[in-house]
Amino acid sequence: MSVPLLKIGAVLSTMAMVTNWMSQTLPSLVGLNSTVSRAGSSEKITLFQSPEEGWQLYTSAQAPDGKCICTAVIPAQSTCARDGRSRELRQLMEKVQNVSQSMEVLELRTYRDLQYVRSMETLMRSLDARLRAADGSVSAKSFQQELKDRMTELLPLSSVLEQYKADTRTIVRLREEVRNLSGNLAAIQEEMGAYGYEDLQQRVMALEARLHACAQKLGCGKLTGVSNPITIRAMGSRFGSWMTDTMAPSADSRVWYMDGYYKGRRVLEFRTLGDFIKGQNFIQHLLPQPWAGTGHVVYNGSLFYNKYQSNVVVKYHFRSRSVLVQRSLPGAGYNNTFPYSWGGFSDMDFMVDESGLWAVYTTNQNAGNIVVSRLDPHTLEVVRSWDTGYPKRSAGEAFMICGVLYVTNSHLAGAKVYFAYFTNTSSYEYTDVPFHNQYSHISMLDYNPRERALYTWNNGHQVLYNVTLFHVISTAGDP
C-alpha cells in the first residue's frame, strides 16, 4: 500500500504547486497587479503631423505659481493612433478576465477534489493499518468482505485523478494563453506608458520644465484672451502696486508691495507668495527718494521707479540697498501732466516683457500721445522710441507683451484691451479683448513674462489674470 500513498502524495504536491502558481505568478503574467491599474493614469498619444498645414498653439498660465497649459489645435488631416491601441488593450483585458475566471473555477474544483483526496488518504491509511494488524484469527471471509467495502469507497478516486489530468492539460493551455497575453500587454503598456507614481511625478516635472522652455521659445504670441480674475489678497489703500521679479529663477517667488501712489518710500519684500497672502516673513526697504505713480517694476534684483515730482528714472538695488543709477527721461511729462485716465501721478509707467525693460510716457512734443521707449537696464538710456498715436489720458492702463503695447480703454468696470501697438512693425490695430474688472478701479496693470500673468491692483485688492497667447508654428521642415 505504500506505492498508492506515494502517488497520492505526488498528486497533492502537484496541486499545491498549481495553486501557488495561480496565486503568485498568474496576476503578474496577466497584468492584474498594480502596474496595470496605474497604466491608465499615463497616456501617450501619438499625433501624425500634416506637412501642408501649421499647428496652432495657445499657451496660457493657469495658476498664480506660473504653471502653464498649452492647447494645440492640430491640422485637420491629422489622426490619432490612440483609439486602435486602446481598443486592442480592452480586448486583451477581456481575455485576461476570461482566463482569470477559468482559473478561479479550476481553483474551486481543485479545492473540492483536494478535500476528497485527503479523505481517501485517511481511508487508505486506515485500511493499511488494518492489514498490518490482521493475523490468522481473522477469517478470510470477513476480511474479504471488509476489503471489498473499502475498495468500493475508493472507486471514485480514479475519476478524480482523471479530472486532475484534464485540469493539468487545461492549466498548460491557459499558461500558454497567459504568456501570449502577457507579451501583448507588455508591448501595449510600453507604447501607451505604464509608470509608477514616482515615475509619473518625475515625468510631469520634466514636462513642466519643457513646457516653460517651450513657452519661452514660442514666446511672442498675440494676446487673444484674459482669464477671470484671481484675487490673491485684499491689502492696503485704493492705489498701489505689487510685483515679482521677472528675471528671477522659478525657485525665487519673492513678492514686493508698495502701497500708495505718491511720496511713498516703504517697500515690503515678502519671502514667498504664500507669505504675502498670510502677511508674514517680510523685510522692509526704505527708498532714499520717494516714488510717484504705481508704474514700478522689479527687474533682475532692482526696482525701477519714477522719482516724485520729476521725470527721473531710479534704479534701486535691493541686495545692496542702494541706488545704482538714475537718469532723466528726456521730455517726459510728470506730476500729473500726462497720466492715465485715473490720474494718480501715473505719468511714467515701467514695464518688462520677454525682450527687456520699457518705459511708457508722454511728451509735449508728442501732443499727449503715448510714447514707448526701450531702455538699457544698466544705464537707463533710451535705446529706441515709438510714437503710438494713442492719447494717454484716454487709456485706463497699459502693459507690454512680446514687444507689443496693449492699452485698455478704461480703468473702471467694463474695461477691455482696446488698442495694440507693434514695435517690430511700427503699426497698430484696434482690438476687443474683454476682461472682468471685478473691483471696478484698476490703478496698476503689469505683465510678468516669467509667469505669463497680469498683476493688477484693483481698489485695494491684489489680483492676477492669466493670459492666452496665440501662435502659429510652421511644420514645413518637419520630417
Check residues 263-274 and write down every donor-acceptor pair under 3.5 Å in which the side-chain atom is one partner and the other belongs to a residue at least two apart or another chain.
unit_1, atom_1, unit_2, atom_2, d
Arg265, NE, Leu287, O, 2.7
Arg265, NH2, Leu287, O, 3.0
Arg266, NH1, Gln284, OE1, 3.3
Glu269, OE1, Trp256, NE1, 3.2
Glu269, OE1, His285, NE2, 2.8
Glu269, OE2, Arg254, NH1, 3.3
Arg271, NE, Asp275, OD2, 3.2
Thr272, OG1, Gly274, N, 3.4
Thr272, OG1, Asp275, N, 3.0
Thr272, OG1, Asp275, OD2, 3.2

Taking all non-hydrogen atoms of both residues, which atom of Met351 and which atom of Asp349 are closest, and how far apart?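 Here Met351 and Asp349 meet closest at CE-OD2, 3.3 Å.
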
**Asked** How far apart are the closest heavy atoms of Leu357 and Pro377, and which atoms are they?
**Response**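 The answer is CD2-CA, 3.9 Å.
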
Less than 3.5 Å apart, any donor N or O on the side chain of [X] or [Y] sitting next to an acceptor on the other?
X	Y	value
Asn335	Thr337	no
Asn311	Ser328	yes
Tyr361	Ser373	yes
Ser341	His411	yes

Parallel, tilted or perpendicular: rings of Tyr421 and Phe419 (30°, 60°): parallel

Quiz prompt | Beyond-backbone contact of Val407 with Val417, side-chain heavy atoms, under 4.5 angstrom | solution = no

(request) Find out whether the Lys NZ or Arg CZ of Lys392 is both under 6.0 angstrom from the six-membered ring centre of Tyr340 and within 45° of the ring's axis. (result) yes

Check: Hey, do the aromatic rings of Tyr439 and Trp457 have their centres closer than 6.0 Å?
Finding: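 No - the distance between ring centres of Tyr439 and Trp457 does not fall below the 6.0 Å cut-off.
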
Could you give the side-chain donor-acceptor pairs of residues 297-309 under 3.5 Å, partners two or more places apart or in another chain?
unit_1, atom_1, unit_2, atom_2, d
Tyr305, OH, Gln289, O, 2.8
Asn306, ND2, Ser310, O, 2.9
Asn306, ND2, Val312, O, 3.2

